[in-house]
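Below: the structure, in structure tokens.
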Amino acid sequence: MNTTSFKPTLVAAVPALGLFLLFQACGGSDDAAAQQSAADPVEGVWEAVATVRDCTSGAALATFRGSQVFHRGGTLTDTNSVPPTTRGPGFGTWTRNDSTYTGKFRLYTYDTAGALSGTMRVTRTFTLSADGATQNSTNTSRAEDLAGAVIRTGCSTDVATRVL
């Protein structure tokens with residue numbers, strides 16, 4: 001006669017079920033609580049006109065358009081009107097310090113043949129208008145080669161308008 005014993009299976013399943021029920025009763029994790037907190041005024045989609053500037057004189061050198069999404073919880077996503085064959089999307093974080101915000105993000109750069117050439121790190125320091133509809137920003141950037149050596153630095157300013 002062939003008998004199957006379920007005892008080892010029950011010994012493993014009961015503690016696992018107990019932990020599952022405990023996590024459900026406690027609400028899961030801190031992420032669940034963070035998602036219910038009040039929205040920060042910067043959260044949403046922004047479109048900007050950026051002006052590249054000479055870091056010494058402040059003279060305007062070029063302009064381009066860009067977009068950023070400030071996600072709840074302090075992350076951001078960035079892209080701009082530079083051809084997508086020369087730069088990838090930017091991913092980073094943002095923080096608030098009283099009335100000033102700092103956004104930091106990183107993106108991959110590509111040469112004219114489309115090969116990965118390095119990274120760009122950007123830091124934005126900005127304030128929101130009283131009505132929360134615009135941002136004014138001062139930015140610094142650092143281009144690095146694939147080994148992480150700095151190949152150039154840059155400065156820019158931008159004015160962003162809330163899209164969503």
Side-chain angles (χ1 to χ4, degrees), residues 23-24 26-146 148-164:
F23 284 136
Q24 292 301 311
C26 293
S29 69
D30 291 338
D31 292 339
Q35 292 174 4
Q36 295 173 3
S37 64
D40 189 281
V42 78
E43 292 172 17
V45 181
W46 296 81
E47 189 170 282
V49 175
T51 303
V52 178
R53 300 193 176 274
D54 179 288
C55 291
T56 304
S57 69
L61 303 174
T63 61
F64 61 91
R65 298 183 74 80
S67 294
Q68 288 190 327
V69 179
F70 291 85
H71 307 276
R72 182 166 296 179
T75 62
L76 71 88
T77 308
D78 168 87
T79 191
N80 67 33
S81 60
V82 173
T85 55
T86 60
R87 83 168 311 261
F91 301 101
T93 60
W94 62 269
T95 57
R96 180 178 182 178
N97 184 12
D98 296 323
S99 62
T100 303
Y101 292 83
T102 301
K104 295 181 179 187
F105 61 95
R106 179 179 179 266
L107 56 102
Y108 289 112
T109 57
Y110 302 91
D111 64 21
T112 54
L116 180 64
S117 61
T119 59
M120 176 80 68
R121 295 178 186 271
V122 179
T123 300
R124 297 181 68 234
T125 302
F126 60 98
T127 56
L128 294 181
S129 61
D131 65 1
T134 60
Q135 302 175 7
N136 287 293
S137 171
T138 302
N139 315 307
T140 59
S141 62
R142 184 176 79 202
E144 301 172 350
D145 65 17
L146 292 173
V150 176
I151 48 180
R152 73 179 172 282
T153 59
C155 300
S156 62
T157 57
D158 69 63
V159 176
T161 305
R162 181 181 300 280
V163 177
L164 298 171

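FYI, the numbering just counts along the sequence from 1.
- You'll find the side chain of Thr123 reaches within 4.5 Å of the side chain of Thr102, heavy atoms only.
- Between Arg87 and Asp78, at least one side-chain nitrogen of the basic residue sits less than 4.0 Å from a carboxylate oxygen of the acidic one, meeting the salt-bridge criterion.
- Relative to the ring axis of Tyr108, Arg106 places its NZ or CZ within 45° and under 6.0 Å from the centre.
- Annotation: disulfide bond (SG atoms under 2.5 Å apart) contacts involving residues 53-94, sequence neighbours excluded, comprise Cys55-Cys155.
- The minimum heavy-atom distance linking Gly58 with Arg53 is given by the pair O-NH1, 3.1 Å.
- Between the side chain of Arg142 and the backbone N or O of Thr119 there is no donor-acceptor pair closer than 3.5 Å.
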Apply side-chain contact (heavy atoms from CB on, under 4.5 Å) to Phe91 and Thr77, showing your working.
CA-CA 5 Å; Phe91 301 101; Thr77 308; 4.1 Å; yes

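- The heavy-atom pair separating Met120 from Ser141 by the smallest distance is SD-CB, 3.7 Å.
- A distance of 7.5 Å separates CZ in Arg96 from CG in Leu128, rounded to the nearest 0.5 Å.
- With rounding to the nearest 0.5 angstrom, the CZ atom of Phe126 is 8.0 Å from the CH2 atom of Trp46.
- Qualifying side-chain hydrogen bond (donor to acceptor under 3.5 Å, both in side chains) partners for Thr109, counting only residues two or more places apart in sequence or in other chains: Ser117.
- By the side-chain hydrogen bond (donor to acceptor under 3.5 Å, both in side chains) test, Asn136 pairs with no residue at all, sequence neighbours left out.
- The CG atom of Asp98 lies 12.5 Å from the OG1 atom of Thr127; values are rounded to the nearest 0.5 Å.
- Asp54 and Thr56 make their closest contact through OD1-N, 2.7 Å (heavy atoms, listed as atom of the first residue, atom of the second, distance).
- Thr79 contributes atom OG1, which lies 13.0 Å from atom CZ of Arg65 (distance to the nearest 0.5 angstrom).
- No side-chain heavy atom of Arg124 sits less than 4.5 Å from a side-chain heavy atom of Tyr101.
- A donor-acceptor pair under 3.5 Å is formed between the side chain of Trp94 and the backbone N or O of Thr75.
- To the nearest 0.5 angstrom, Gln68 atom CD is 5.5 Å from Leu76 atom CG.
- Between Ser156 and the choices Asn139, Thr51, Thr63, the side chain to side chain donor-acceptor pair (under 3.5 Å) rule is met once, by Asn139.
- Taking OG1 from Thr153 and CD from Glu144, the interatomic distance works out to 11.5 Å, rounded to the nearest 0.5 Å.
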